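Just so we're clear, the structure is a prediction, and the values are computed from it rather than from any experiment.
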Amino acid sequence: MSIPREGGAQRPIAGATRRVRVPEKPGVDGLEARWGEAWESAGTYRFDPGAPPDKVFAIDTPPPTVSGSLHIGHAMSYTHTDVVARFWRMRGRAVLYPMGWDDNGLPTERRVQNYFGVRCDPGLPYDPGFEPPSQRGRELVAVSRPNFVELCHRLTAEDERAFEHVWRTLGLSVDWSRTYTTIGDRSRRASQLAFLRMLARDEVYQHEAPTLWDVDFHTAVSQAELEDRERPGAYHRIRFALVGGDASAEVQIETTRPVLLPACVALVAHPEDGRYRPLFGRTVRTPLFGVEVPVVAHALADPEKGTGIAMVCTFGDTTDIVWWRELHLPTRTVVGRDGRLEPVPWGAPGWESDDLDGALGAYGELVGRTVRQAQERIVELLSRSGDLVGEPRAITHPVKFYEKGERPLEIVSSRQWFVRTLQHRQRLLERGEELHWHPGYMAHRYRAWVEGLNSDWNISRQRFFGVPFPVWYALDDDGAVRYDRRLLPQPGRLPVDPSTDVPDGYAPDQRGRPGGFVGDPDVMDTWATSSLTPLIVSGWEEDPELFARVFPMDLRPQAHDIIRTWLFATVVRSELELGALPWSDAAISGFVVDPDRKKMSKSTGNATTPLPYLERHGADAVRYWAAGGKLGTDTALDEGQMKVGRRLAIKILNASKFVLGRSSPDGGGPPETPPAAEVPPPAAAVIEPIDRDLLRRLGGVVTEATSALAGYDHSRALELTEGFFWSFCDDYLELVKNRSYGDPADPRAVSARTTLVLALSVQLRLFAPFLPYVTEEVWSWWQAGSVHLAPWPDAAAELEPFLGSVAAGGAPAPVWGESPVLDAATEVLAAVRKEKTTHKRSMRARVASLTVVDLPDRLEHLRAAERDLLDAGGIEPGGLALREGGPASVTVVLDGA
RNA sequence: GGGCGCUUAGCUCAGUUGGUUAGAGCGCAGCCUUCACACGGCUGAGGUCGUGGGUUCGAGUCCCUCAGCGCCCACCA
C-alpha cells in the first residue's frame with residue numbers, strides 16, 4: 001500500500017521492513033552527532049532541482065551576520081523555519097532551504113580591522129603577496145581594498161564554520177550544498193547586474209544633496225538605518241537684532257544647537273502666527289557673526305515650540321533640509337565630514353558679514369573643534385556678548401543616530417546613489433497587501449513604513465567591504481571628474497572592482513590622469529545586496545531553469561525589526577526587476593526576551609549564545625522550547641521548557657521501546673507487520689472498540705495538526721501532538737498493555753499490537769518536524785530510510801481502513817476525534833487511581849469491586865472496554881458492576897479495605 | 001504625537017466563529033518504586049480572566065473608556 005501524496009505523487013511509506021532492534025537502554029545524548037552525520041552522508045535534505053514548480057517549497061533563509069555571534073533568538077526563529085521546511089518536505093515537496101552568511105558590511109570591516117590590525121586605503125594598489133602583520137602593532141597597516149576584502153573573506157570563513165556547527169547541532173534541515181555569502185562572487189555579480197539594470201531603466205540616480213552622515217564611520221546612512229535616542233540637551237534663548245527701524249528691536253529664538261549659529265540662513269515662523277507676521281520680509285542679524293538673514297514663513301514652523309520662531313541652519317536636522325529646499329535658502333555649511341567645524345570663507349559671496357572682524361575672530365577659534373567642543377565655546381561667547389538670554393534650559397529630546405553609531409548624525413552635502421522608491425509607493429503598498437503575513441497584523445508595520453517614506457533609498461556607502469558600484473567616470477582634460485560621463489562594464493565582466501579594474505578602452509595608467517578615468521569610490525549598502533537574496537538563491541540570470549522552478553519563492557522568514565529594511569528592500573528590488581512579489585508568505589518571528597521580559601541583546605549584556613543550551617539540554621529540547629513560541633510574539637527564555645522537552649524526548653524513546661519491543665509475544669520480535677505498512681495486516685485487524693477509538697482520536701489530531709502547520713501555527717500543532725502522546729502513554733498504553741502481551745493467535749492481542757504500532761508510526765511523524773533527532777532514532781529501530789522523508793500522516797488514507805468503514809463498504813466516514821469508549825474507560829480508570837492514591841495504596845493494589853451507575857449508552861461503552869478496564873485497574877474477576885440509573889457515580893472498593 | 005500588540009492560576013502560556021462547573025505545562029503539596037520509563041508514575045491545592053461601562057437570554061471571547069507593559073513609526077527649533 002502507498003499513501004496518496006499531495007498532488008497525486010506516490011511514495012511508499014517506508015522501505016523494506018527491517019528486523020526491529022530496540023536498544024536495551026535508549027537515551028537522548030549523542031543523537032545530534034550520530035544523525036547529523038547520517039543525514040549529511042545520505043543527502044537527506046538535498047534539494048531536488050528537477051522538481052516541477054508546483055512541487056517546490058522555497059525558503060528565503062535570513063543570512064545571519066557572521067561577524068556577530070549567534071544568539072538564542074536566532075535559535076528560536078530558525079527552528080520555526082526548520083519546522084516548516086520539514087513539514088513541507090514530508091508533505092512531498094522538494095524543499096529549497098539554503099543557508100546564507102551575511103559577511104558583507106560594516107560589522108565585518110570593524111572586526112577585520114581589530115583582528116588583523118589593518119585599515120583599508122582604497123587608493124593603494126593590490127599587493128598579491130600581502131600577509132597581515134603577525135603581531136598587531138599600534139599603528140594600523142594600510143592595505144588596498146582588494147587586500148582588505150581578502151582578509152574579510154579569510155576571517156568570515158572561520159566564523160561561518162562556527163555558525164554552521166551550531167546550525168547543524170540544532171538540526172536545521174538545510175541543504176548545505178546551497179550556501180551563499182553576501183560578499184561572494186554570485187552575490188556581487190547579482191548586485192552589480194541588478195544595479196546596472198536599474199540604471200538603464202532610470203530607477204537609480206546619482207545626486208548631490210544634504211545627507212545624513214555618520215562622522216565616525218565616515219559614511220552616509222539611509223532612512224531605514226536611523227534610530228532615535230533620547231539625549232539630554234538644552235534650550236538656549238538667543239537674541240537676533242532686527243535690521244532697520246528701531247535699533248533696539250530684536251527677535252528671540254530658542255535652539256538646542258547654538259553651535260550652528262554661523263550656519264544660520266533664516267528665521268522661520270508659522271504663516272498664521274500673529275506675533276511674527278509683521279516681521280516676514282524683514283531681516284535680522286546673527287549675533288557674533290553679523291550675517292543678515294531673512295525672516296520667512298513656513299507651515300512646518302510650530303508656534304508652540306520654543307518662542308514660536310526657529311533658526312534655520314544648513315543643516316541641523318531634516319526639517320532644516322525641507323525649509324532650505326522649499327524656501328530656496330542659501331547654503332552655509334560649517335560641519336565637516338569628520339564632525340569638526342571646517343574653515344569657511346567669511347566675507348566671500350554667500351558669507352557676507354556686517355561684522356567681519358567679529359566673524360573671523362569668533363569662528364576662527366572654533367575651526368577644527370568637534371561639534372560638541374565648539375558648542376561649549378560658542379555658548380561662552382554668546383554669554384559674554386550678552387546675546388544669550390537667561391540660562392540654558394535643560395531638556396531631553398530625541399536625536400537621530402545611525403543604528404550602529406555612537407555620535408549623533410550630522411547632515412552634510414555629498415554625492416550618493418538613490419533608488420527611486422517614493423514614486424512607486426502605491427505599487428509597494430499593493431504588494432504588501434498581496435503578501436500573506438504571519439501573523440497578519442505584521443502587515444501594519446510594512447504599510448506604516450511605506451506610507452511614511454520621506455526620501456528615496458540611499459544605497460551608497462563610503463566604506464570598503466561591500467559590493468562596489470560597477471561604474472567609472474571619465475576625467476576631462478583638466479582632470480575634473482565628469483559624473484555625467486559614466487563608463488559601465490559589460491555584464492559579462494561582472495563582478496568588477498572599479499578601484500582596481502579598468503574600464504574598457506582605457507589603460508591602467510590612465511587612472512586619475514586628465515583624459516583618463518576614476519572608479520566610483522563607494523560600495524553598496526548591505527541591504528542593496530541582501531535585498532536580492534531571493535534572486536541569488538533562485539539562480540537569477542545564472543540558472544534560468546532553476547529560476548523558473550523556484551521563483552517566486554514560498555516563504556520569507558524573518559524578525560519584525562527588519563521589516564522596514566530587509567523585507568521592504570526585497571519587495572522593492574523584486575518589484576523593480578521582475579514586477580512580482582518575491583514570495584507568497586512572510587513568517588515574522590518575535591524576539592527572545594529574558595525572564596524579566598527585557599529584550600535580550602548584546603548591548604544590554606544579556607546576550608546568550610545557543611550552544612550551551614544545546615549542550616545542556618540537547619537539540620530536541622531546545623527546539624521544543626523554541627517551537628512553543630508563536631510567530632510574532634516575544635518569547636521568554638525558559639530552561640524549564642527545555643527540560644520538559646528533554647523529558648518528552650526520553651518518554652518517546654521509552655514508549656517506543658515498549659511498543660516495538662515488549663508488545664510482541666517473544667519479547668523481542670517485531671510486530672509481524674510493518675506499522676502503517678506496505679503489507680498491512682488485514683484491515684479487520686483492529687477489532688476492539690477502544691483501539692478504534694484511539695485511531696479516531698489520533699485521526700483528529702492529524703487533521704488539526706496538519707492544518708495548523710499549513711497555517712504557520714507550529715505551536716498549536718506541537719501542543720496537539722504532545723497532548724495526544726501523553727494521554728496515549730498514561731491511559732491507552734496502560735489500558736491495553738496486558739492485552740498486547742497476549743497470544744499472537746488471539747485477535748484481541750493482534751488488535752492491540754496493530755493499533756500501538758500504527759499509532760506510534762503516526763506520532764513519530766507528527767513529532768518529526770519538532771524533535772528530529774529522537775524521532776529519527778526510533779524510526780531507525782524498525783524502519784528503513786529517514787522519518788524526515790517519510791510521508792506526512794494522512795488520517796483518511798492510513799487510519800480509516802482500520803476503522804471498518806472501508807471494509808463494510810458504504811459505512812459512514814469516521815468522525816475524527818470522537819472516542820466515547822476510550823473516554824469512558826479513561827474516566828473510570830482515573831477514579832480507580834484516585835481511590836488508590838487517597839488510600840495511599842500502590843497503583844498495583846487490587847480492587848475488590850467497582851460499581852458504575854450511569855446512563856445506558858455510557859454503560860455500553862464501558863462494557864466494550866470491560867476486559868481492558870479490569871486488567872488496567874487491577875479489578876478482581878467479577879468485581880465490575882454496571883448499573884443503569886442516576887446520578888452517575890463510580891464506587892471503588894479496594895481489596896482489604 | 002500616530003500606529004500595533006499584550007494584560008487569564010506563583011511562573012510561562014492555550015482559550016478557535018460569544019454557550020453548560022475557565023484549560024495545559026512548570027513550580028508547589030501529598031502519595032506510589034522498579035514487569036517501557038525514578039531522566040519515572042498517580043492524585044491534589046491554586047484564577048472575582050487589568051479597570052469601568054455597554055450589547056446579549058448568556059461575555060475571558062463583541063463594542064466603548066481608562067490604566068499598565070512592550071514594540072514600531074514621527075519634521076527632534
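Across all strands, I253(A) comes closer than 4.0 Å to no nucleic acid atom at all (heavy-atom distances). The residue C313(A) sits apart from the nucleic acid: no heavy atom pair falls under 4.0 Å. Counting any heavy atom pair closer than 4.0 Å across all strands shown, E326(A) reaches no nucleic acid atom. Residue-level contact check: N454(A) touches the backbone only, with heavy atoms under 4.0 Å from sugar-phosphate atoms and none from bases. Using a 4.0 Å heavy-atom distance criterion, A301(A) is classed as a base contact. Using a 4.0 Å heavy-atom criterion, one finds that V322(A) contacts no nucleic acid atom at all. No contact: A448(A) has no heavy atom under 4.0 Å from any strand. At a threshold of 4.0 angstrom between heavy atoms, the contacts of D320(A) with the nucleic acid are absent.
Closest to the side chain of K630(A), out of C71(B), C26(B), G15(B), is G15(B). Picking from A36(B), A74(B), C42(B) the nucleotide with the shortest atom distance to the side chain of W449(A) gives A74(B). Closest to the side chain of L733(A), from the set C42(B), A77(B), A36(B), is A36(B). Taking every side-chain heavy atom of K25(A) into account, A38(B) is the closest of A38(B), A77(B), C26(B). Listed nucleotides A36(B), G41(B), G5(B) differ in distance to D730(A); the shortest reach to its side chain belongs to G41(B). Here the side chain of D634(A) is nearest to one of A36(B), G70(B), A74(B), namely G70(B). When distances run from any side-chain atom of H560(A) to the nucleotides G40(B), C71(B), C4(B), the shortest one goes to C71(B). When each of G5(B), C39(B), A77(B) is scored by its nearest atom to the side-chain atoms of I650(A), the top-ranked nucleotide is C39(B). In this structure, the nucleotide among U33(B), G30(B), U43(B) sitting nearest to the side chain of K840(A) is G30(B). Looking at the side chain of Y441(A), the nearest of the listed nucleotides U12(B), G5(B), A36(B) is G5(B).
Looking at D731(A) and R833(A), a side-chain N of the basic residue comes within less than 4.0 Å of a carboxylate O on the acidic one, giving a salt bridge. Comment: E254(A) engages R393(A) in a salt bridge, judged by a side-chain N to carboxylate O separation of less than 4.0 angstrom.
Here G30(B) sits opposite C42(B) as a Watson-Crick or G-U wobble pair (both hydrogen-bonding atom distances under 3.5 Å). The partner of U7(B) is A67(B), by the rule that a Watson-Crick or G-U pair needs both atom distances under 3.5 Å.
When the C1' atom is compared between C42(B) and U55(B), the two are found 47 Å apart, to the nearest whole Å. Rounded to a whole angstrom, the distance from the P atom of G5(B) to that of C62(B) is 12 Å. Taking the P atoms as reference points, A29(B) lies 34 Å from C69(B), given to the whole Å. Across the C1' atoms, U48(B) and C31(B) are found 33 Å apart, a figure rounded to whole Å. C28(B) and U12(B) are spaced 16 Å apart, taking the C1' atom of each and rounding to whole Å. Nucleotides G50(B) and A22(B), compared at atom P, are 15 Å apart to the nearest Å. As rounded to the nearest Å, G54(B) and U17(B) have P atoms that lie 26 Å from one another. Nucleotides A9(B) and C49(B) place their P atoms 10 Å apart, quoted to the nearest Å.
Taking atom NZ of K651(A) as the reference point, atom P of G41(B) lies 4 Å away to the nearest angstrom. In this structure, the NZ atom of K737(A) is 7 Å from the C1' atom of A36(B), given to the nearest Å. One atom, CZ of R445(A), and another, P of C71(B), lie 10 Å apart when rounded to the nearest Å. I588(A) places its CD1 atom 14 Å from the C1' atom of C4(B), with the value rounded to the nearest Å. Taking atom CH2 of W726(A) as the reference point, atom C1' of G23(B) lies 18 Å away to the nearest angstrom. Atom NE2 of H839(A) and atom P of C32(B) are 14 Å apart (whole Å). To the nearest angstrom, C1' of C71(B) lies 15 Å from CD of Q558(A). With rounding to whole Å, E704(A) atom CD is found 17 Å from A14(B) atom P.
Taking the nucleotide of RNA chain B with the nearest heavy atom to each of N654(A) and K305(A), the more 5' of the two is matched to N654(A). Of the two residues near RNA chain B, H236(A) and R646(A), the one whose nearest nucleotide lies more 5' is R646(A).
Between R447(A) and the phosphate of C73(B), there is no side-chain N or O to OP1/OP2 separation shorter than 4.0 Å. Between K834(A) and G30(B), a side-chain N or O to OP1/OP2 separation shorter than 4.0 Å is absent. Residue Q641(A) has no polar side-chain atom (N or O) positioned under 4.0 Å from OP1 or OP2 of C11(B). The phosphate of C31(B) (OP1 or OP2) has no side-chain N or O of T837(A) nearer than 4.0 angstrom. Note on R325(A): every side-chain N or O is 4.0 Å or more away from OP1 and OP2 of C75(B). Put simply, R564(A) has a side-chain N or O that comes within less than 4.0 Å of OP1 or OP2 on C73(B). Between H444(A) and C71(B) there is no side-chain N or O to OP1 or OP2 distance below 4.0 Å.
G60(B) has its base anti relative to the sugar, with a glycosidic angle deviating from 0 by more than 90°.
Remark: R564(A) is positioned above the aromatic ring of W449(A), its terminal NZ or CZ atom under 6.0 angstrom from the ring centre and at most 45 degrees off the axis. For the pair K737(A) and F658(A), the cation-pi criterion (under 6.0 Å, within 45° of the ring axis) is fulfilled.
Remark: of the listed residues D620(A), V774(A), V28(A), V774(A) is the sole one forming a side chain to side chain contact (heavy atoms under 4.5 Å, CB included) with I652(A).
Between Y624(A) and H617(A), the ring centre distance reaches or exceeds 6.0 Å. Between H80(A) and H714(A), the distance separating the two ring centers is shorter than 6.0 angstrom.
Note on ring orientation: taking the six-membered ring where Trp is involved, the planes of F568(A) and Y446(A) are tilted (angle from 30° to 60°).
Note that CG of L760(A) is 14.5 Å distant from NZ of K657(A), once rounded to the nearest 0.5 Å.
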